[in-house]
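Down below is the structure, laid out as structure tokens.
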Amino acid sequence: MKRRDFLKTSALAGAALTLNFEGLHAALTNNTVTVEAIPDMVAVMGGEPDVMLDKALEALGGIDKYIKKGQKVVIKPNIGWDRAPEMAGNTNPKLVKALVQKCFSAGAEKVTVFDHTCDNWQKCYATSGIEKAAKEAGAIVMPANDEKYYKEVSVPNGKKLKNAKIHEALVEADVWINVPVLKNHGGAKLTCAMKNYMGIVWDRRYFHQNDLQQCIADICTWEKKPVLNIVDAYRIMFQNGPQGKTLADVATLKSLIVSPNIVAVDTAALSLFNQVKKLDLAAASHIGRGEENHLGTTDLKKLNIKRIKL
């Protein structure tokens, strides 16, 4: 690493230690929980991925609320790039491992992990650390590099996208959990819970050729919604995404945002992202288009949000 990149990385790491919920708090004003009710969203900061997951799920009523005994579960992280965890190009493997363990503790019959990667799938699975972490926790890790793994489904509420081929593990699952990493993206501007859907489909080229932002919003209308969206913001790639170039593209925020509401969770994640680098909601227009598709709200003031600082 060049000296100037090292210095920039060090400065960001130092800044991460002082980051708090002030930036996110501005978007969540007047959302103080006054009664012990299950919140619509939980935002946790300051811990390791497994500890933050524990706190978030506890606040949301426990994993048993979302995963039932005997169910076939899919966990869909971002494993798209041949990048080590420190680069924040993929979901944190510690988070994936902890989540697999949680699902089995709730009585899941089978937990499957996959992603339709951009780089070579075997290298992505290995270098990200996710394959090893998921298997250690007892999950089945499936490839997604061949069209034979996909089944045609209808997307009747899509505006640009009316059908798609979706990975069979997800089509056949009882429930699934969406576990994206928060980062910058050259085309979509922000990649988070909604954009993570592109890893469940076979033909991503169609998205890029037919209004990327709208197609992202459309695929999220598919009838089988995730029971939870768990945004990994332990480290975020705030520039040069989705692959990144050096550690100077990464900031350590030690944060996690969890909600069943996919539009709201992406809106909150954008607020957190903006603490490091400004990005307008209109630039990541798939979020607003998701709201137009009745997938959730961008008005976080309407929600009961619990913030936890460790």
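- Within the structure, side chain to side chain donor-acceptor pair (under 3.5 Å) contacts touching residues 41-57 (residues at least two apart or in different chains) are Glu48-Tyr234, Asp54-Lys102.
- In terms of hydrophobic clustering, with Ile, Leu, Val, Met, Phe, Trp and Tyr side chains grouped at heavy-atom distances under 4.5 Å, Met237 and Met194 are assigned to different clusters.
- The list of side chain to side chain donor-acceptor pair (under 3.5 Å) pairs with a residue in residues 136-146, not counting sequence neighbours, reads Lys97-Glu136, Lys132-Glu136.
- Scanning for side chain to side chain donor-acceptor pair (under 3.5 Å) contacts around Lys162 gives an empty result, with sequence neighbours left out.
- Thr298 meets the side chain to side chain donor-acceptor pair (under 3.5 Å) test with Glu291; sequence neighbours excluded.
- Residues satisfying the side-chain contact (heavy atoms from CB on, under 4.5 Å) test with Thr221, not counting sequence neighbours, are Val155, Asn157, Asn293, Leu295.
- In this structure the side chain of Thr112 never reaches within 4.5 angstrom of the side chain of Lys72, judged on heavy atoms.
- Under the side chain to side chain donor-acceptor pair (under 3.5 Å) criterion, Asn120 pairs with no residue, sequence neighbours left out.
- When the side chain to side chain donor-acceptor pair (under 3.5 Å) test is applied to Thr127, the partners found at least two apart in sequence or on another chain are Asp82.
- In plain terms, the two heavy atoms of Thr246 and Met87 that are nearest each other are O-CE, 3.6 Å.
- The two atoms that bring Asn229 and Ala193 nearest to each other are OD1-CB, 4.0 Å, heavy atoms only.
- For residues 259-310, no pair satisfies ring-ring contact (aromatic ring centres under 6.0 Å, His included), with sequence neighbours left out.
- The salt bridge (Lys or Arg N to Asp or Glu O under 4.0 Å) pairs that include a residue from residues 111-125 are Lys76-Asp115, where partners are two or more places apart or lie in different chains.
- Distance check, rounded to the nearest 0.5 Å: NZ of Lys277 to CD1 of Ile236 gives 10.5 Å.
- Pairs of residues two or more places apart, or lying in two chains, that qualify as ring-ring contact (aromatic ring centres under 6.0 Å, His included) and include a residue from residues 159-190 are Phe114-His167, Tyr149-His167, Tyr150-His167, Trp176-Tyr197.
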Checklist entry - Can you check side-chain contact (heavy atoms from CB on, under 4.5 Å) on Ile177 and Val227, steps first, answer last? => result CA-CA 6 Å; Ile177 302 176; Val227 292; 3.9 Å; yes
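- Among residues at least two apart or in separate chains, there is no ring-ring contact (aromatic ring centres under 6.0 Å, His included) pair with a member in residues 63-106.
- Of the candidates Asp218, Asp211, Asn210, Gln214 forms a side-chain hydrogen bond (donor to acceptor under 3.5 Å, both in side chains) with just one, namely Asp218.
- Among residues at least two apart or in separate chains, salt bridge (Lys or Arg N to Asp or Glu O under 4.0 Å) pairs with a member in residues 163-190 are Glu147-Lys165, Lys151-Glu172.
- A side-chain contact (heavy atoms from CB on, under 4.5 Å) with Lys65 holds for exactly one of Leu60, Ile38, Leu57; it is Ile38.
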Checklist entry - After noting the C-alpha distance and the side-chain angles of Thr91 and Asn196, does the key distance pass the side-chain contact (heavy atoms from CB on, under 4.5 Å) rule? => result CA-CA 11 Å; Thr91 304; Asn196 201 39; 5.8 Å; no
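- In terms of heavy-atom proximity, Ile262 sits nearest to Cys220 at CD1-SG, 4.2 Å.
- Electrostatic pairing of Arg205 and Asp203 counts as a salt bridge here, judged by a charged N lying under 4.0 Å from a carboxylate O.
- You'll find the side chain of Asn184 stays beyond 4.5 Å of the side chain of Phe238, heavy atoms only.
- Atom CD1 of residue Ile216 and atom SG of residue Cys192 lie 11.5 Å apart, to the nearest 0.5 angstrom.
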